[in-house]
Amino acid sequence: MQDDIPTLRRVLKACRTVAVVGLSAEWHRPSYFAAKYMQEHGYRIVPVNPKYPEILGEKSYARLEDIPFPVDMVDVFRKEQDIPPIAQSAVAIRAKCLWQQLGLKSEEADRIATAAGLDSIWDRCVKIEHARLFGGLNWAGVNTQVISAKRPIV
């Protein structure tokens with residue numbers, strides 16, 4: 001697993017086509033929220049979910065192997081026990097990175113990915129890390145660009 005700031009920055013700059021395994025079409029689900037944010041920041045989102053024909057205006061695929069073009073990152077929103085086969089698929093399609101979302105830590109998937117030369121990140125949210133590292137934490141006033149311990153008088 002690699003999760004130092006330079007690695008996260010490099011991965012998020014280089015990996016512009018993101019296959020989101022387990023992406024839901026339901027707007028209130030974390031996978032939808034994260035994918036929509038990344039799409040709005042210039043990333044190509046490729047939904048991988050056999051349940052839906054289309055998500056966020058993009059064709060949805062049943063499996064990673066069904067995607068007919070190169071994918072840079074495989075972003076996983078699935079149960080931990082489902083991740084090792086997804087890691088094998090990420091290797092098979094020659095992805096550059098396996099990203100396990102917040103709360104997911106499959107060491108077996110990490111070993112599969114890193115043994116094949118992929119960057120492997122776990123227990124991190126791609127949306128949160130992008131916002132943190134590239135200045136997008138202004139939602140709800142988190143990054144107001146004002147450094148002060150005093151609360152503003154409203």
Side-chain angles (χ1 to χ4, degrees), residues 1-3 5 7-114 116-143:
M1 176 203 45
Q2 306 156 307
D3 69 352
I5 289 176
T7 299
L8 293 172
R9 229 183 251 284
R10 177 180 52 76
V11 166
L12 289 169
K13 280 184 180 178
C15 296
R16 306 301 294 181
T17 302
V18 182
V20 184
V21 180
L23 177 56
S24 174
E26 299 176 33
W27 68 268
H28 62 281
R29 304 290 301 174
S31 62
Y32 185 92
F33 188 72
K36 184 171 173 51
Y37 169 90
M38 296 305 285
Q39 190 179 54
E40 289 172 351
H41 284 83
Y43 291 79
R44 180 175 185 187
I45 298 300
V46 184
V48 180
N49 190 330
K51 185 176 175 181
Y52 305 103
E54 183 180 289
I55 305 171
L56 291 169
E58 296 285 343
K59 177 180 170 35
S60 185
Y61 296 90
R63 308 172 316 129
L64 287 169
E65 291 85 354
D66 296 337
I67 301 170
F69 49 83
V71 168
D72 299 321
M73 178 193 297
V74 174
D75 184 15
V76 184
F77 282 91
R78 297 285 301 156
K79 294 177 186 168
E80 225 166 270
Q81 62 265 26
D82 297 341
I83 302 174
I86 295 168
Q88 291 170 339
S89 292
V91 170
I93 66 165
R94 301 182 193 276
K96 298 174 187 168
C97 176
L98 176 69
W99 190 299
Q100 299 179 54
Q101 275 293 333
L102 209 53
L104 300 175
K105 302 178 202 171
S106 171
E107 291 183 29
E108 183 183 352
D110 178 67
R111 282 192 296 273
I112 292 166
T114 55
L118 278 69
D119 287 307
S120 179
I121 297 164
W122 68 15
D123 197 23
R124 299 268 184 179
C125 174
V126 70
K127 181 234 174 280
I128 292 170
E129 295 307 320
H130 182 275
R132 179 173 74 100
L133 298 172
F134 296 101
L137 281 178
N138 57 3
W139 183 70
V142 175
N143 182 6

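Given the structure is predicted, the values throughout are model-derived calculations rather than measurements. Excluded from the calculations below are hydrogen atoms, water molecules and symmetry mates; all remaining heavy atoms, backbone and side chain alike, are included.
- From Phe77, atom CZ reaches atom CD1 of Ile83 across 11.0 Å, with rounding to the nearest 0.5 Å.
- Contact detail for Leu64 and Ala90: the closest heavy-atom pair is CD1-N, 3.9 Å.
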(message) side chain to side chain contact (heavy atoms under 4.5 Å, CB included), that's the test. Do Leu23 and Ser60 meet it? Break it down for me.
(response) CA-CA 9 Å; Leu23 177 56; Ser60 185; over 6 Å; no

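- The pair Glu108-Arg111 does not meet the salt-bridge criterion, since no charged nitrogen lies less than 4.0 angstrom from a carboxylate oxygen.
- Here the side chains of Val71 and Arg44 are not in contact, with every heavy-atom distance at 4.5 Å or above.
- Listed by chain and residue number, His130 satisfy the ring-ring contact (aromatic ring centres under 6.0 Å, His included) test with Tyr43 (two or more places apart in sequence, or in another chain).
- Once rounded to the nearest 0.5 Å, the distance linking CD1 of Ile86 with CG of Leu104 reads 9.5 Å.
- Residue Gln100 holds its CD atom at 9.5 Å from CD of Glu107, rounded to the nearest 0.5 Å.
- Trp99 places no side-chain N or O within donor-acceptor distance of the main-chain N or O of Val20, the cut-off being under 3.5 Å.
- Atom CZ of residue Phe33 and atom CH2 of residue Trp27 lie 10.0 Å apart, to the nearest 0.5 angstrom.
- Under the salt bridge (charged side-chain N to carboxylate O under 4.0 Å, His left out) criterion, the residue pairs touching residues 88-97 are Asp72-Lys96, with sequence neighbours excluded.
- To the nearest 0.5 angstrom, Gln88 atom CD is 13.0 Å from Ile93 atom CD1.
- Annotation for Leu56 and Lys36: closest pair CD1-N, 3.7 Å, computed over non-hydrogen atoms.
- Counting heavy atoms from C-beta on, the side chains of Ile121 and Val11 come closer than 4.5 Å.
- Of all heavy-atom pairs spanning Glu129 and Leu8, the tightest one is OE1-CD1, 3.5 Å.
- Among all heavy-atom pairs drawn from Ile55 and Ser24, the shortest one is CG2-O, 3.7 Å.
- Nearest approach of Ala19 to Ile67, heavy atoms of both residues: CB-CD1, 4.0 Å.
- One finds the CE atom of Met73 at 9.0 Å from the CD1 atom of Ile45 (value rounded to the nearest 0.5 Å).
- The one candidate from Val21, Val74, Ile112 that meets the side chain to side chain contact (heavy atoms under 4.5 Å, CB included) condition with Leu98 is Val74.
- The stretch residues 46-63 participates, sequence neighbours left out, in these salt bridge (charged side-chain N to carboxylate O under 4.0 Å, His left out) pairs: Arg63-Glu65, Arg63-Asp66.
- In plain terms, the two heavy atoms of Arg78 and Gly22 that are nearest each other are CD-CA, 3.9 Å.
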